[in-house]
Amino acid sequence: MTLQGLQPNAYVAAKMVAMYASHGDIDSALFVFNRIDGERSSLLYNSILRGCAKNGYTEKTLEMYYDMNSIGLRPDNFTFPFVLKCCAELLRVGIGKCVHGQSLRVGLECDLYVGTSLIDMYVKCGEILEASKLFDEMPVRDVSSWNALIAGYMKNGVVGVAEDLFRRMSTRNIVSWTAMISGYTQNGLGDRAFDLFEEMQREGSEVKPNWVTIMSLLPACAHAAALEQGRRIHSYASWIGLDSNSYVQTALVSMYAKCGSLVDARSCFDRLCVKDKGLVAWNTMITAYASHGLGMEAVWTFEDMIRFRVQPDFISFTGLLSGCSHSGLVDIGLKYFNCMNSVYFVEPRVEHYACVVDLLGRAGRLVEAKELIDRMPMQPGPSIWGALLAACRTYRNLEIGEIAAKQLFVLEPENSGNYVLLSNMYAEVGRWEEVDSLRVILKDQGMKKSPGCSWTEINGKAHLFHGGDTYHPQAKEIYMLLEDLPKKIKAVGYVPDTSFVLHDVSEEEKEHNLTTHSEKLAIAFGLLNTYPGTVLRVTKNLRICIDCHTATKYISRIYDREIIVRDVNRFHHFKDGSCSCGDYW
DNA sequence: TGTTAACATT
């Protein structure tokens, strides 16, 4: 239907605006709205506000709200929730407070919907105290009001108060449970999220988990690298009929990739039908390959995405370029970087420069990397200098390394890792005075290396290890295995690399330090507790150290095991004495 | 003649 020349009467116009707005066709709704002659009712404004607010036209919503006020129309109980939602989305608490004032003037502050929307607005703008005060003063509350406040406390990290509210509420619906579960996940309390999920199912009431509930649990699986747990959630999701939910399937791709199973990630990706394979799904798959060091697969996936006519964004390029850098695909990475703007219309951001610095740095092209930094159109941040410093450490280039380190000391003085790196570099060339002065800085500022820890999941239960700890019930067996290990792997060519140990101790002691690194403890535990041939999956909170990397290659050979280690940056697949990263990470 | 709460990709 063409709208040209149409001069609708008020009633027809209102119908049309409502129809277009409810279908998300805001441009047509606005077109009709703007052509209306004569008076516009609150109803009409409410329809258009609803459409704008629901479809992401947040600024427009506020604009229409001003319009409405300027022509003397009174906003009503339907108006405020739409407007407040937009204030929350834009984090414009100042405007939100004006709207709040307006609602007081028209005597609607006691309205249930307005009150709940106000709570939500304050919560999302970080003013939890204001939200809590409103909640206490509300004459009528419903389950949504409680839910808004609970989510608010969770978002602000006040888990205890959220729990208290949750236990005190008389009726809980699925949103209440999901708010708690996702709150736990967001606050790094994955275990409690799973416990609550189970409790919810035990209650066996009419509360049924939905796709949002599943989406709140999957990041907890991914974070803990809990593959078994993730599979359980996946089959549960299938059971409740979510196989065709593209959001859930995409989140599953990400979860499987982060839990180390690319095969499962890919099969979830392949199950998505063409129309559901949106930007997010493609980005997730590209990033998955990149983090596993499969640079060529990342490139192919990117090319598939282009063939399917999906427009890439800056995340696609972050994935693509980091994939190239993790695999040493220097020329391919540079090719994409150089044409991302001209061919794909994506402006390079600082994270893309960081990838390319990393790309050049890992290939030992340090001078080029430094030149690129000098030519950057934006301020180089810690990610840029950090990539350069790490490359200088690998290629033992003290001259450029000092430049990078000095920048980092200014940009992130609290990050002890930078001092340690530079100190290691000085130590290597015997410049002990500099080593000492850096050590003094570290001590004076009370900085500690964040303690390394690794964990592995056996039969659905996670086992956590810190370097050198003996708390695990099987510690004795683990240490017995590790005691023998150096001999065994030295026989097939292993040479301990102690150059990353900062402490001023004897070589023998350094070697012992190495044998009790957390990742080795976790691997030993895995070897002891799984059948021969089982794939071991270990997650580490820091980067895997070079000696553990070397040792794990030998372990994979002599024990004939595939070992997948997720470190803070990427995945390493060890098999038959070599690693998927090609020693390039 | 319609309104509120929980949500994934770097």
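As a basis for the values below, the full set of heavy atoms in this structure was taken, side chains included, without hydrogen atoms, waters or symmetry mates. Reminder, nothing fancy here: chain letters follow the sequence lines and each chain counts from 1.
- Annotation: A:Tyr236, atom OH; neighbour count of heavy atoms from other residues, nucleotides and ligands within 6.0 Å is above 12.
- Residue A:Met340 holds its CE atom at 9.0 Å from CZ of A:Arg349, rounded to the nearest 0.5 Å.
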*Under the 3.5 Å Watson-Crick or G-U criterion, the dot-bracket string of DNA chain B, with | for inter-strand pairs*: ..........
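- Here the options are A:Arg192, A:Arg172, A:Arg167, the test is salt bridge (charged side-chain N to carboxylate O under 4.0 Å, His left out), and the partner is A:Glu199; only A:Arg167 passes.
- Checked against the 6.0 Å centroid threshold, A:Tyr65 and A:Tyr45 do not count as a close aromatic pair.
- In summary, A:Asp264 and A:Arg231 engage in a salt bridge, as defined by a charged side-chain N under 4.0 Å from a carboxylate O.
- In this structure, A:Thr287 reaches the sugar-phosphate backbone alone: every heavy-atom distance under 4.0 Å involves primed, P, OP1 or OP2 atoms, never a base.
- Distance, A:Ile181 CD1 to B:dC7 P: 12 Å, rounded to whole Å.
- For A:Met255 and B:dT10, the CE to C1' distance is 19 Å, given to the nearest whole Å.
- Across the protein-nucleic acid pair, A:Trp282 atom CH2 and B:dA8 atom C1' stand 18 Å apart, rounded to whole Å.
- When all heavy atoms of A:Ala257 and A:Phe571 are compared, the pair lying nearest together is O-CZ, 3.0 Å.
- When the P atom of B:dC7 is taken as reference, atom CG of A:Leu252 falls 18 Å away, rounded to whole Å.
- One atom, NE2 of A:His292, and another, P of B:dT9, lie 15 Å apart when rounded to the nearest Å.
- For the side-chain contact (heavy atoms from CB on, under 4.5 Å) with A:Ile544, the lone residue among A:His572, A:Arg566, A:Arg570 that qualifies is A:His572.
- Distance, A:Ile150 CD1 to B:dC7 P: 13 Å, rounded to whole Å.
- In this structure, A:Arg92 has no salt bridge (Lys or Arg N to Asp or Glu O under 4.0 Å) partners at least two apart in sequence or on a different chain.
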*When you check every protein heavy atom under 4.0 Å of nucleotides 1-6 of chain B, what one-letter string (B, S, -) results, 5' to 3'?*
BBBBBB
